[in-house]
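Remember, predicted model here, so these are calculated numbers, not experimental data.
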Amino acid sequence: MPKHSVLVVGAGIAGMRAALAASERGSDVALISKVHPLRTHGGTSQGGINAALHAEDRADLHAMDTVKGGDYLGDQDVVELLTGAAPRAVIALDHWGVPFNRDAHGRLDARRLCGATRARACFVDDMTGHATLQVLYEQVLKAGIRAYEEWVVTRLLLDDGACVGVVAIELASGAVEAFAANAVVLATGGCARVYEPTGAAYGVAGDGVALAYRAGASLMDMEMVQFHPLGIRGSGMILTEALLGLGGHLVNGGGERFTLKYAPTLGERAPRDIVARAAEEEIVSGRAEFVALDLRHLKGDEVKRQLPLTSHIVKTQAGVDPAKETVPVRPVAHRTMGGIHVSRDGATGVHGANALGGNWLLEALVFGERAGLAAAQQGPGSARAVDAQLEDERRRIAEIVDRSTGPERAGAIRSELGRLMRRHVGPLRDASGLQEAANEIHDLGARHRRAGITNKGRRYNYELIAFLELESLLTVGGVIAAAAGFREESRGAHLRQDRPARDDARWLVHTVASFRPDGPAMTSKPVVITGWKPEGRRY
């Protein structure tokens, strides 16, 4: 049984940053991931990384934008921690070799992303996440950090309430093995794949969230799911909001810039929740399937120069020439603001009810580092019951593989779940739809427990992995629906059409879900307010 001081589950940007931080403290650290680090979801982040690095900007202005953008649901002490650490996080990447764009004076260039009052997103053309992944992986190799690639974690090993390791399946052999550790860091990303369509990578299935929840950890603010307004027609692929920052317009069938009705000053540069809601309501009211992104008034050469990858994607995936035609787009599920309820060393409550573009990569860097440093301080614990838990998990996996196959198929259930979530737990919600979603998710879970898999082999059994991922998706989907039904107001990305107003008197709180076999138990906890009192969001 492999044993490490720190085991990081997930080898994306947050996971690699955590591993590097723990390694710098002298820990024997390892990464375990179901995909190669360079194939993780962070590579899809394009716009940039927010940091108040320029003379006209300050960390408190960055914090103010973040608090307001999150509709005052973010814990403000944690937001201040994030924005205060941002410059150092970006400079560290610069020193490691991330090829950030420079201005005419050779300083780090910055662009203004939606919801920001300053140009503060440092960027690498429109492939910031990709470049960051590459450089972090170079540092992981340099540090000699062990990486168990293509291992799928299926269970957390517990001893008297403490996590002392994991059980995982090796894709190449099908072996089910235990990994022991003094501390385990879960850096497995969100669960936006519970929706269809979605811009999330196929592996973003909520594995870590579901593992922690079933092991006894509570989940916070799971109803807060971000929909990105620029999902391309015919796919879940998302175009960077930097297109809106450059001056792109969203228009309806009549050519009207409808976002100005929702954000008269900023229009398309308002935070994502406002822009996505405007697009969704336009689609619903106009009974159209899409709205249009209009770039025709911009200089095509300038767009291509600043956003070369995006220009290529528009032509190949949307099949249009943006200099001559509009691009059909619609809101698609993008990321989840909520997750495991954790401490300031891996804070869930930083984004609140909506995250600003440019803060996603920043969160992964800042809290990945903090989680790694905290894990490195964890002393050795006992692992008395590891062998028994490993055997239990081996029996569970074997039972799934050996189960006779009936008419139910996991793929069909997953598709139904994605459509159900988009229909009832999407950008527009109400009590009856949320209750229907909860009931149908319960029924889908029963069907999943009756389903089997046709591939009985051991090597690279992706059907088995998809079956296990669906179990996680059903778990987190049920929590999202329950939390959305529990929060009887509208705030940020959570729009209850039957409760359209924000209610600070009752709901300036985080929702907290705890596991019960018959469905989540919902409670709440206060939001930490430091310097910014809740007020109306006007853009």
Side-chain angles (χ1 to χ4, degrees), residues 4-22 27 29-35 37 40-42 145 147-149 151-159 161-169 178-194 200-201 203-222 335-351 360 363-378 381 389 393 468-469 471-473 475-476 479 513-515:
H4 299 277
S5 300
V6 175
L7 183 64
V8 181
V9 183
I13 288 173
M16 287 194 286
R17 190 64 190 89
L20 288 167
S27 290
V29 59
L31 290 156
I32 184 167
S33 175
K34 62 182 177 182
V35 297
T40 52
H41 181 61
I145 294 170
Y148 298 96
E149 298 162 8
W151 283 82
V152 180
V153 174
T154 65
R155 179 170 177 165
L156 302 183
L157 294 171
L158 303 178
D159 183 43
C163 185
V164 295
V166 304
V167 178
I169 301 173
F179 294 77
N182 298 342
V184 175
V185 176
L186 291 177
T188 56
C191 52
R193 203 76 212 180
V194 74
V204 184
D207 314 63
V209 175
L211 285 170
Y213 176 64
R214 291 194 292 262
S218 55
L219 305 182
M220 191 166 81
D221 295 336
M222 288 295 288
R335 300 185 191 273
T336 44
M337 273 75 73
I340 303 167
H341 183 195
V342 294
S343 70
R344 286 160 54 98
D345 293 322
T348 300
V350 69
H351 293 307
W360 286 111
E363 177 204 20
L365 293 165
V366 170
F367 291 109
E369 180 184 17
R370 290 181 66 87
L373 293 175
Q377 298 172 18
Q378 188 74 28
Q389 293 177 72
E393 189 65 4
L468 296 171
E469 286 181 338
E471 181 180 41
S472 296
L473 290 169
T475 298
V476 296
V479 178
S514 301
F515 177 79

TODO: List the steps and the verdict of side chain to side chain contact (heavy atoms under 4.5 Å, CB included) for Leu468 and Ile169.
DONE: CA-CA 11 Å; Leu468 296 171; Ile169 301 173; 3.9 Å; yes

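- Legend: residues meeting ring pair (Phe, Tyr, Trp, His ring centres under 6.0 Å) with Phe179, ordered by chain and number and at least two apart, are Tyr148, Trp151.
- Of all the heavy atoms in Gly206 and Val476, the pair that sits closest is O-CG1, 4.1 Å.
- Here the shortest heavy-atom pairing between Ile145 and Ala30 reads CG2-CA, 4.3 Å.
- Between the CD atom of Glu393 and the CG atom of Leu156 there is a distance of 10.0 Å, given to the nearest 0.5 Å.
- Between Val35 and Thr40, some side-chain heavy-atom pair lies under the 4.5 Å cut-off.
- Considering every non-hydrogen atom in both Met222 and Cys191, the closest pair reads CE-SG, 4.0 Å.
- The side-chain contact (heavy atoms from CB on, under 4.5 Å) check on Ala181 picks up Leu7, Val184, with sequence neighbours excluded.
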TODO: Tell me, with the steps shown, if Leu31 and Met16 meet side chain to side chain contact (heavy atoms under 4.5 Å, CB included).
DONE: CA-CA 8 Å; Leu31 290 156; Met16 287 194 286; 4.1 Å; yes

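- Proximity of Leu373 to Arg370: side-chain heavy atoms (C-beta onward) are nowhere separated by under 4.5 Å.
- Under the salt bridge (Lys or Arg N to Asp or Glu O under 4.0 Å) criterion, Arg17 pairs with Glu369, sequence neighbours left out.
- Residues passing the salt bridge (Lys or Arg N to Asp or Glu O under 4.0 Å) test with Glu469 are Lys34, Arg414, sequence neighbours excluded.
- Ser27 approaches Ala376 most closely through the heavy-atom pair OG-CB, 3.3 Å.
- No side-chain heavy atom of Leu186 sits less than 4.5 Å from a side-chain heavy atom of Val153.
- Under the 4.5 Å side-chain criterion, counting only non-hydrogen atoms from C-beta, Val167 is not in contact with Gln389.
- With sequence neighbours excluded, no residue forms a ring pair (Phe, Tyr, Trp, His ring centres under 6.0 Å) with His41.
- For the pair Ala178 and Leu157, the tightest heavy-atom approach, listed with the atom from each and the gap, is CB-CD1, 4.0 Å.
- A donor-acceptor pair is defined here as one N or O able to donate and one able to accept, closer than 3.5 Å; such a pair exists between the side chain of Ser343 and the backbone of Asp345.
- Taken from OG1 in Thr188 to CD1 in Ile32, the straight-line distance is 12.0 Å, to the nearest 0.5 Å.
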Give the table of side-chain donor-acceptor pairs shorter than 3.5 Å for residues 210-221, with sequence neighbours excluded, one pair per line with atom names and distance.
{"from": "Arg214", "atom 1": "NH1", "to": "Thr475", "atom 2": "OG1", "distance (Å)": "3.1"}
{"from": "Ser218", "atom 1": "OG", "to": "His341", "atom 2": "ND1", "distance (Å)": "3.4"}
{"from": "Asp221", "atom 1": "OD1", "to": "Thr511", "atom 2": "N", "distance (Å)": "3.0"}
{"from": "Asp221", "atom 1": "OD2", "to": "His510", "atom 2": "ND1", "distance (Å)": "2.7"}

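- Cys163 places a side-chain heavy atom less than 4.5 Å from the side chain of Leu158.
- Looking only at side-chain heavy atoms (C-beta outward), Gln378 and Val6 stay at 4.5 Å or farther from each other.
- Of all heavy-atom pairs between Val29 and Ala19, the closest is CG1-O, 3.7 Å.
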